[in-house]
Amino acid sequence: MKLSEAGEARVRGYLFVLGQSLKSFLPRAVVMDAVQELESHIRERIDGAEPEPDERTALEQVLKELGMPQRVAQAYSAELTIEEAITTGRVAPTVRAFWNLATTSLLGFFPALGLLLGYLLGFASLLTALMKPIFPNNAGMMVVDGVPRGFGVFSDIPPGAEMAGGYWIIPILIGVGLAILIITQRSATRFLVWWRARRGKFDDLPGWPI
Amino acid sequence: MKKKPIEADDPLDKWREQLRRGGLELAILLSVSSTPRYGLEIIRYLQESTDLVVTEGTIYPILGRLTRSGVVEAEWISEGTPHPRKYYRLSLRGRKNLDEMLDHWNAYRSKIDHLVETAGRMEP
């Protein structure tokens, strides 16, 4: 079946949506390669299809069998980002994988929130340790009437409040910050391993990762 | 004894799914072990030679993963074809993996066969 101008536009539209969906999760080179491969697949299928009852119906059938572009993108993203995160254990792929999960499922949202909090807490501890020598009276734990009220770097210290701890808290903050970051990262990787193992039940849905 | 009809949420369905899932990666590797094949060709090959139906939108992400992990190698070929095709073939590492997978598969299968035979002999 040779496509008309309208058919070509439909294929280009499908690939455009697919490319845009993939771009939010994957590096540019991977996106280009994936789109090119799926275009090759679509054109191969179209070549072998008969324009019956009409071109539009036949083309829609080809695209339907491939799945909605967002679903295909989701399958790509899940396979690639989760795999990369698990294999490398690096922060950037882990964040990408969790972003993918958070935006596509409720079950993925809460662990992603936990990951964000873990990173924030870890980096906040390291930042506080870094700022302590520069702003000794503004970094640390703010205590009001003996009760801890906050932790971090404060621009304004309210009357009656004081910053607990001297320079000795710097190594503690570095240790605690690094420990939080390592635990967060390891927990995230374990979660992704578990997530990858449980995906089988979606196999029969078009476009879902196996 | 009447056979109980299999329902959608039947544990048997889950078991079948797990079995299919467990064998799929091996099936994909076997399909590119003797000759390089492109995505659509792998889908058709699996459908023709087994009852493994792989949805089109899922095979490419799996092939992508296998490529990135170095188990298969991919190459774009445009000569002699109406459209450029991405062919996949087993890498050296993939061949070693496949050999190990087949050893495990055969050992597992013979154990299960033995269990089935033993159970058959013990049936009243």
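We name chains A, B, ... by the order of the sequence lines, and we start the count at 1 in each one.
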A/E44 side chain reached by B/T81 side chain, heavy atoms, under 4.5 Å: no
Side chain proximity check, A/Q36 to B/W76, heavy atoms < 4.5 angstrom: yes
Value rounded to 0.5 Å, distance of CG in A/D47 from CG in B/L40: 10.5 Å
A/H41 side chain near B/I43 side chain, heavy-atom distance below 4.5 Å: yes
Contacting moiety of A/D33, where chain B heavy atoms sit under 4.5 Å: both
Interatomic spacing from CZ in A/R43 to NE2 in B/H83 - rounded to 0.5 Å: 7.0 Å
Expected output: side-chain A/S40 to main-chain B/P84 donor-acceptor under 3.5 Å: yes
Within 6.0 Å of CE in A/M141, more than 12 heavy atoms from elsewhere: no
